[in-house]
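Read the structure below first, then the notes.
If you read the sequence from its start, that first residue is 1, and numbering goes on from there.
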Amino acid sequence: MAIQTVIPAGEIRINGSRTLRFEGQSYGSSVSFFLVTSAPGEGPALHRHPYDETWNVIEGQVTFEVGDEIFTAHAGDTAVAPARAWHRFTNTGTGTLKAVCIHASPIMIQEFAVST
């Protein structure tokens, strides 16, 4: 794919979702991100990455589980999961959650925990 200066949201929207998935390698960037838009109770399953993940909460309330720690963040807050730490987050507010999930990598590498 050719390197672009502006990437239309429709080009990186996850099919059937409001969430955008940007993988930097395809666009000449050294970072990747999800722009999450989710309803109360929604969030990804427990997973980890071989690199740090940083979140910036744009709107709403979100509860993070990073390793053995659980904490809540609100609009304007930033949170970090270190490389290889198991983590997940859930929209624990009453409205829409909007957050940027920044992956310190030009490609996204995610390993999901096995459910028992």
Gap between atom CD1 of I7 and atom CG of L20 - 0.5 Å precision: 11.0 Å
Pair F64 + H87: ring centers closer than 6.0 Å: no
side-chain contact (heavy atoms from CB on, under 4.5 Å) partners for P44, two or more places apart: H47, F89
Backbone N/O of R18 and side chain of R13: donor-acceptor pair under 3.5 Å: yes
side-chain contact (heavy atoms from CB on, under 4.5 Å) partners for A45, two or more places apart: F112
side-chain contact (heavy atoms from CB on, under 4.5 Å) partners of R21, counting only residues at least two apart: I14, E23, F34, M108, Q110
Residues in side-chain contact (heavy atoms from CB on, under 4.5 Å) contact with V57, at least two apart in sequence or another chain: V62, A73, L97
Identified side-chain contact (heavy atoms from CB on, under 4.5 Å) counterpart of Q61 within the set T94, D77, T72: T72
Qualifying side-chain hydrogen bond (donor to acceptor under 3.5 Å, both in side chains) pairs, either residue in residues 35-44, two or more places apart: none
Any donor-acceptor pair under 3.5 Å from T90 side chain to G43 backbone: no
Any donor-acceptor pair under 3.5 Å from N56 side chain to V100 backbone: no
Non-hydrogen side-chain atoms of Y27 and I12 separated by less than 4.5 Å: yes
Pairing residues for E59 by the salt bridge (charged side-chain N to carboxylate O under 4.0 Å, His left out) criterion, not counting sequence neighbours: none
Beyond-backbone contact of I70 with E65, side-chain heavy atoms, under 4.5 angstrom: yes
